[in-house]
Amino acid sequence: MKREYHLYENKVFINDGYVTFNIIELDRSVGKITVNINNTGHHTIDIFELKDLDGCTYFEYGRPIPEKIYLEDFKEIK
């Protein structure tokens, strides 16, 4: 039996280029998300605190002014 893995991805234009986020783990019970971040070819893995704004769940990425990365903007990649 062949296993299928599904990846959830979101590309966001930040500053002067696209940053791609891939969900590795989402744990709503503790309010954390682990994502792979591809920023101009450099991959990092980071854990962010989930936040809520009017019923929409997001995490913040970037400095000095963080971008809100909304979970509903992630799309399934097969």
Side-chain angles (χ1 to χ4, degrees):
M1 184 170 152
K2 182 180 173 186
R3 292 179 103 176
E4 285 192 37
Y5 294 95
H6 301 278
L7 185 66
Y8 289 87
E9 181 175 280
N10 186 7
K11 284 187 176 184
V12 180
F13 192 82
I14 298 175
N15 296 330
D16 58 352
Y18 282 95
V19 178
T20 303
F21 301 91
N22 297 106
I23 296 175
I24 296 173
E25 183 179 10
L26 176 61
D27 191 339
R28 290 182 187 268
S29 64
V30 296
K32 302 282 182 186
I33 186 169
T34 305
V35 293
N36 177 72
I37 305 161
N38 180 350
N39 190 352
T40 62
H42 300 284
H43 291 267
T44 56
I45 295 175
D46 208 344
I47 299 171
F48 297 95
E49 178 183 335
L50 293 174
K51 299 181 179 194
D52 185 82
L53 179 65
D54 298 328
C56 296
T57 305
Y58 69 95
F59 62 94
E60 293 181 338
Y61 172 82
R63 289 186 178 91
I65 302 170
E67 295 281 332
K68 289 178 177 66
I69 311 299
Y70 290 93
L71 296 189
E72 62 264 8
D73 292 337
F74 280 79
K75 304 295 183 215
E76 184 177 14
I77 307 297
K78 293 185 179 183

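The first residue of the sequence shown is numbered 1, and numbering continues consecutively from there.
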Of Thr57, Leu50, Asp27, which meets side chain to side chain contact (heavy atoms under 4.5 Å, CB included) against Ile33? Leu50

Counting only heavy atoms not in Tyr18 (residues, nucleotides, ligands), do more than 12 fall under 6.0 Å from its OH? no

Hydrophobic cluster membership, with links at side-chain heavy-atom distances under 4.5 Å among I/L/V/M/F/W/Y: are Val35 and Tyr58 in one? no

Cluster question for you: counting only ILVMFWY and a side-chain heavy-atom cut-off of under 4.5 Å, with indirect links fine, are Ile45 and Tyr61 together?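 Cluster IDs for Ile45 and Tyr61 differ.
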
Checking Lys51 now: which residues fulfil salt bridge (charged side-chain N to carboxylate O under 4.0 Å, His left out) with it, not counting sequence neighbours?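 With sequence neighbours excluded, Lys51 shows a salt bridge (charged side-chain N to carboxylate O under 4.0 Å, His left out) to Glu60, given in chain and number order.
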
For side-chain contact (heavy atoms from CB on, under 4.5 Å), just list the numbers for Tyr8 and Leu26, CA-CA rounded to whole Å, side-chain angles, deciding distance to a tenth of an Å, and then say yes or no. CA-CA 11 Å; Tyr8 289 87; Leu26 176 61; over 6 Å; no

So which heavy atom on Asn10 is nearest to which on Tyr70, and how close?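 Heavy atoms of Asn10 and Tyr70 come nearest at ND2-O, 3.9 Å.
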
For Glu49 and Phe59, work out which heavy atoms get closest and say how close. O-CB, 3.7 Å

Could you pull out all residues at least two apart from Glu25 that satisfy side-chain contact (heavy atoms from CB on, under 4.5 Å)?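 Glu25 satisfies side-chain contact (heavy atoms from CB on, under 4.5 Å) with Thr34 only.
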
To the nearest 0.5 Å, how far apart are [atom1] in [X] and [atom2] in [Y]?
| X | Y | atom1 | atom2 | value |
| --- | --- | --- | --- | --- |
| Asn22 | Lys11 | CG | NZ | 9.5 Å |
| Leu7 | Asn36 | CG | CG | 8.5 Å |
| Asp73 | Lys68 | CG | NZ | 13.0 Å |
| Ile77 | Ile23 | CD1 | CD1 | 11.0 Å |
| Ile65 | Glu67 | CD1 | CD | 8.5 Å |

Run Phe21 and Ile37 through side-chain contact (heavy atoms from CB on, under 4.5 Å) and show every step you take. CA-CA 5 Å; Phe21 301 91; Ile37 305 161; 3.9 Å; yes

